[in-house]
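Here's the structure we're looking at; comments come further down.
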Amino acid sequence: MNNNILGLHHITAIAGNAQQNFDFYTKTLGLRLVKKTVNFDDPGTYHLYYGDETGLAGTILTFFPWDGIGQGTEGVGMATEIGYSIPAGSHEFWLERFGAANVKTKEITERFGEQVLAFKDPDGLSLSLIVPKTADIRTPWETADVKKDTATKGFHSTTLTLQSIDETAKVLTDLFGYRLLAQEENRYRFITDTVENAAIVDLLEVPAGHRGRNAAGTNHHVAFRVKNEDIQMELREQILSKNLQITPKIDRDYFYSLYFREPGGVLFEIATENPGFTVDEPLNELGTHLMLPHQHEHLRDDLEKLLPKLS
């Protein structure tokens, strides 16, 4: 078994208005803005990273906010839900908080013996708050309104919606070292034993499902975590051996990345733990400065005028 994948690293989604996105994730959901940078391929657009105090792998949700991009559509070949772990007994707090903020929620349901509160962000992105069977001991980021007894701890899971799960399951088991844990109707839960948290991927099989459209309110890609570049490149060779196309290693400043599209259509990334988010900002100042990739530093004056101020 391949024990090199250490669960989820980050998940990246698409948003519309940047200020609306910032307000929801920092003020309503209570996450920390860990990094404020730009899209490497479109520097006139932010790339915003939200997570815990340090930006620990398995807590980071990132966004490309393209104002005016329009509403996307969830469908097969996409990650269609992001699950956050929360402490036992905190669902009522979140129901009250979401109600006051006019956040769209569903009734609390049970999934694999765990209580799940599904909700939508302002762009329609599907998220859920889940009380795990085993208490999550990660230290959360606290705000004035969201304390540690109710705060999100980081990712619990992600859900991929597929017309057929077979080939995607093989990627998870044969290449990533996951195993099938359980099945409920057309939902199949896969888990890795290499980490205690952010270890679950659910595959939802919808044979008659329609393809989604990437725009606001949809997920762009799911990133899996590896310890370092050596392991990453060994895994790259294994992926190539399965006749899957994969990119060369790309320096993303805070981690190194490989990208490939798994057979079901979901864009996967393999990201390293190193060098981390304090490589260009001290811990107490994370997310407070506009940090630019070196190739875009010469555009700083123009970008600071172009990009909206977030407050």
Side-chain angles (χ1 to χ4, degrees), residues 8 10-25 28-29 31 39 41-42 44-50 60-84 98 101-107 109 111 116-130 155-169 171-172 184-190 200-224 259-269:
L8 298 171
H10 68 271
I11 298 173
T12 294
I14 300 173
N17 181 268
Q19 183 67 54
Q20 176 180 258
N21 180 264
F22 173 79
D23 287 346
F24 181 79
Y25 284 95
T28 303
L29 205 55
L31 305 181
N39 186 317
D41 302 314
D42 180 14
T45 301
Y46 275 126
H47 193 178
L48 304 176
Y49 292 71
Y50 303 101
I60 292 294
L61 178 57
T62 93
F63 284 92
F64 301 130
W66 278 295
D67 209 355
I69 193 173
Q71 184 66 46
T73 306
E74 293 176 346
V76 297
M78 279 185 172
T80 53
E81 184 182 307
I82 300 164
Y84 275 97
F98 286 161
N102 295 315
V103 175
K104 295 180 180 178
T105 63
K106 295 183 179 180
E107 292 184 1
T109 58
R111 185 187 297 165
V116 179
L117 171 62
F119 65 101
K120 300 272 191 181
D121 83 352
D123 287 299
L125 186 69
S126 295
L127 302 107
S128 59
L129 299 179
I130 303 170
F155 295 138
H156 169 278
S157 55
T158 188
T159 298
L160 314 182
T161 298
L162 307 158
Q163 287 184 323
S164 170
I165 73 159
D166 294 348
E167 295 303 314
T168 305
V171 171
L172 291 178
E184 286 186 352
E185 298 180 347
N186 65 331
R187 182 181 291 270
Y188 300 77
R189 172 152 292 184
F190 290 80
I200 293 170
V201 177
D202 283 355
L203 302 185
L204 194 64
E205 190 168 59
V206 186
H210 297 287
R211 289 277 167 186
R213 186 180 75 87
N214 260 141
T218 63
N219 289 290
H220 188 270
H221 63 268
V222 175
F224 294 85
Y259 299 88
F260 73 102
R261 201 167 290 278
E262 57 80 30
V266 183
L267 183 61
F268 279 178
E269 177 181 351

Any sub-3.5 Å donor-acceptor pair from [X]'s side-chain atoms to [Y]'s backbone N or O?
X: Asn214; Y: Asn219; result: yes
X: Gln71; Y: Ala216; result: yes
X: Asp123; Y: Leu125; result: no
X: Glu74; Y: Gly212; result: no
X: Glu205; Y: Ile165; result: yes
X: Arg211; Y: Met78; result: no

Student check: side-chain heavy atoms of Leu204 and Asn186 closer than 4.5 Å: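 Yes - at least one pair of side-chain heavy atoms lies under 4.5 Å apart.
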Rounded to the nearest 0.5 Å, how far apart are [atom1] of [X] and [atom2] of [Y]?
X: Arg187; Y: Arg189; atom1: CZ; atom2: CZ; answer: 7.0 Å
X: Leu48; Y: Thr12; atom1: CG; atom2: OG1; answer: 11.0 Å
X: Glu81; Y: Thr161; atom1: CD; atom2: OG1; answer: 8.5 Å
X: Ile11; Y: Leu61; atom1: CD1; atom2: CG; answer: 7.0 Å
X: Phe22; Y: Asn17; atom1: CZ; atom2: CG; answer: 12.0 Å
X: Asp202; Y: Phe190; atom1: CG; atom2: CZ; answer: 9.5 Å

[X] versus [Y], closest heavy-atom pair with distance:
X: Thr158; Y: Ala79; result: OG1-CB, 4.0 Å
X: Phe155; Y: Leu8; result: CB-CD1, 4.1 Å
X: Pro65; Y: Thr45; result: O-CG2, 3.3 Å
X: Ser128; Y: Val116; result: CB-CG1, 3.7 Å

Ring centre gap for Tyr25 and Phe63 strictly below 6.0 Å: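 Between Phe63 and Tyr25, which both carry aromatic rings, the centre distance is below 6.0 Å.
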Tyr46-Phe64 aromatic ring centre distance below 6.0 Å: no
Any donor-acceptor N or O pair under 3.5 Å, side chains Thr80, Ser126: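 There is no such pair between these side chains.
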Partner residues of Ala118 under the side-chain contact (heavy atoms from CB on, under 4.5 Å) criterion, sequence neighbours left out: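 In terms of side-chain contact (heavy atoms from CB on, under 4.5 Å), with neighbours along the sequence ignored, Ala118 is linked to Lys106.
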Step-by-step side chain to side chain contact (heavy atoms under 4.5 Å, CB included) determination, Tyr188 to Leu172: CA-CA 12 Å; Tyr188 300 77; Leu172 291 178; over 6 Å; no
Mutual orientation of the aromatic rings belonging to Phe24 and Phe119 [parallel < 30°, tilted 30-60°, perpendicular > 60°]: tilted
Plane angle bin for His221 and Tyr259 - parallel if under 30°, tilted between 30 and 60°, otherwise perpendicular: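 Perpendicular: the ring planes of Tyr259 and His221 meet at over 60°.
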Partners passing salt bridge (charged side-chain N to carboxylate O under 4.0 Å, His left out) against Glu269 (at least two apart in sequence or in another chain): none
Val171 and Phe268: CA distance, side-chain angles, deciding distance, side chain to side chain contact (heavy atoms under 4.5 Å, CB included) verdict: CA-CA 10 Å; Val171 171; Phe268 279 178; 4.1 Å; yes
Worked check of side-chain hydrogen bond (donor to acceptor under 3.5 Å, both in side chains) between Asn39 and Trp66: CA-CA 10 Å; Asn39 186 317; Trp66 278 295; over 6 Å; no
Chi angles and distances behind the side chain to side chain contact (heavy atoms under 4.5 Å, CB included) call for Thr73, Thr218: CA-CA 7 Å; Thr73 306; Thr218 63; 5.7 Å; no
From CA spacing to verdict: side chain to side chain contact (heavy atoms under 4.5 Å, CB included), Glu262, Leu162: CA-CA 11 Å; Glu262 57 80 30; Leu162 307 158; 3.8 Å; yes
